[in-house]
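Below is one structure, written out as structure tokens, with a few remarks after it.
As the structure is a computational prediction, the values presented were derived from the model and not from experiment. Below, chains carry the letters A, B, ... as their sequence lines are ordered, and counting in each starts from 1.
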2 protein chains.
Amino acid sequence: MTPPLYVRAEQTDAEEPIDTLVRALERRDDVSARERAALAAAVGDVRVHPPGDVLIRAGALTESSTLLLEGMLSRQFYLGEDKRQIVAAHVAGDFVDLHSLLLKRLDHDVVALSDVKVALFPHAALRRITEKEPHLARLLWLLTVIDAAVHREWTGRLGHSAAVRVAHLLCELQMRLTIVGGGSDQGFPLALTQADIGDMTGLTGIHVNRTLRKLRESGLVIVRAGYVSVPDVAHLRAFARFDPTYLYAERIPR
Amino acid sequence: MTPPLYVRAEQTDAEEPIDTLVRALERRDDVSARERAALAAAVGDVRVHPPGDVLIRAGALTESSTLLLEGMLSRQFYLGEDKRQIVAAHVAGDFVDLHSLLLKRLDHDVVALSDVKVALFPHAALRRITEKEPHLARLLWLLTVIDAAVHREWTGRLGHSAAVRVAHLLCELQMRLTIVGGGSDQGFPLALTQADIGDMTGLTGIHVNRTLRKLRESGLVIVRAGYVSVPDVAHLRAFARFDPTYLYAERIPR
DNA sequence: CGCCTTGTTGAAAACACTCAACTAGAGTGG
DNA sequence: CCACTCTAGTTGAGTGTTTTCAACAAGGCG
């Protein structure tokens, strides 16, 4: 792990970590001023990492949970020598390892896929919140449960053909990025290599390349270096059998 | 859904649902008498279902969560016409859909794999518990987070070859069943068809058959109808690259 | 410039799937 | 009791998808 770069919040003109978090939570339920203050008091260091940096190593004891502010990062296993399987991808606003608050040791690595900025929330502070703010605790619980729903979809996705798998991943990333303002129905910037996409879909990078060509030739989606163009979202989603229910993007009534 | 059979607890000589639950929770942390009483008050109907019965349909509104008392059940998607992907398998003591307390609508079906007995816990009662018993709430949260860890492992497993996938699944089931008294290092009863195993590992039933033959011929594991014999656990686990850390079977220190 | 990563393509091999046929056993009804 | 039917398991042959190995192009960066 290369030493992280520390960024003092005053140095940036970007929004505060607490704003990113509250906005993410408010997509699920209202956050009171008191709850917002409690969360603000729990914000710890803000750090930036270059792509490839390992933020958390599997098995290591964790003292804080990581909120992703900018960029993308992945959670991954190593299957063999140089074979890796990415089991989750995260975008801005995601509480990447909230589950480490309960598990203490993670079963996977957390790795930057692009330049990332993260905010750390010490477990001691989060723990106080969960004990004193039951509604907030419930909201955080909900986040971990939605995370699990995405895991299930990723497992199910591996039952499909290569083209459907890749298309489904692109649909998911498009939707999740669009929700946080990082994309639109027409396309979105994506800083993933074809090998990254392969590790997310259980394919080799080479086969991803061939698959992307087929998708491009079918007019479904054009993936160039760094940008994904979607000519017809509905068409792509139909092909990918993408049903966004599992993202639970709308508020869930009590 | 065939009409469930209701079983009055007095009619059975099996242990009470509350005992099964408390034992499962105590594998993670101590449960006080007061907490036990709170849980006991939340126990609802007990039901039995035959194999194949759909207990919960994806998308339906849920009013209670399901504790599995006996048998095995699965959570599954439908990928196409008759293709299904099982994304989770559960054994006695598992709180199968605790996450429905927060999600309200599940993204998957819950289906009996064998004859099962389940206890229902109404959400209203569970919700009261989470609000008044923070330690218990944390324990329940932990259960959902471990469930997610198992999801991740299932996703990662699909990156391996057929033989490793099947062997890994058998290792997991052996360990989980052994923990609840349904197996040993030498073997365990398993009421799954080869097609079931295929749907859990992303393989066709036919290929599972060939794979089981190879595993048998290698002396790693013998899967007969209804029973799995394991000549050498360590050997099988090494082949399957099975590391049980992700089951978080030991108590996690605060 | 040389080196690295990423992307691209071809050919051959490995792997898993489909189709098909057949066995064994459990359960049913005559 | 036996024929019938259903499900689960087994095996072979052929097909299709994905991987592996190999080579090369394009671009970024020291």
Between S100(B) (side chain) and L103(B) (backbone), is there a donor-acceptor pair under 3.5 Å? no
Within this structure, what is the CG-to-P distance between L192(B) and dA8(D), rounded to whole angstrom? 12 Å
Given protein heavy atoms under 4.0 Å, the one-letter contact record of nucleotides 24-30 of chain D, with B base, S sugar-phosphate only and - none, is simply -------
Just how far, in rounded Å, is P of dA24(C) from CZ of R224(B)? 18 Å
L158(A) atom CG is separated from dT18(D) atom C1', nearest whole Å, by 14 Å
From T66(A) atom OG1 to R47(A) atom CZ, the distance as rounded to the nearest 0.5 Å: 8.5 Å
Is any side-chain heavy atom of H90(B) closer than 4.5 Å to one of M72(B)? no
Rounded to whole Å, how long is the line connecting atom CZ of R216(A) with atom P of dT9(C)? 7 Å
Can you confirm whether V96(A) sits close enough to S65(A) that some side-chain heavy atom of one is under 4.5 Å from a side-chain heavy atom of the other? no
Could you tell me whether R75(A) and D147(A) have a side-chain N and a carboxylate O separated by less than 4.0 Å? yes
Side chain to side chain contact (heavy atoms under 4.5 Å, CB included) test vs R241(A) passes for just one of R157(A), H160(A), H168(A), namely H160(A)
From CG of L190(A) over to C1' of dT6(C), roughly how many Å is that when rounded to an integer? 15 Å
Basic-acidic side-chain contact under 4.0 Å: R84(A), D196(A): yes
Rounded to the nearest Å, what distance is computed from the CD atom of residue Q194(A) to the P atom of nucleotide dT19(D)? 14 Å
Could you tell me whether E172(B) and R176(B) have a side-chain N and a carboxylate O separated by less than 4.0 Å? yes
Heavy-atom side-chain proximity of V230(B) to Q174(B) below 4.5 angstrom: yes
Sugar-phosphate means primed atoms, P, OP1 and OP2; the rest is base. With that split, encode nucleotides 12-19 of chain C 5' to 3' as B, S or - using protein heavy atoms under 4.0 Å. ----BSBB
Distance check needed: dT19(D) C1' versus L79(A) CG, whole Å only. 15 Å
What is the distance, to the nearest angstrom, from the CG atom on N209(B) to the C1' atom on dT10(D)? 5 Å
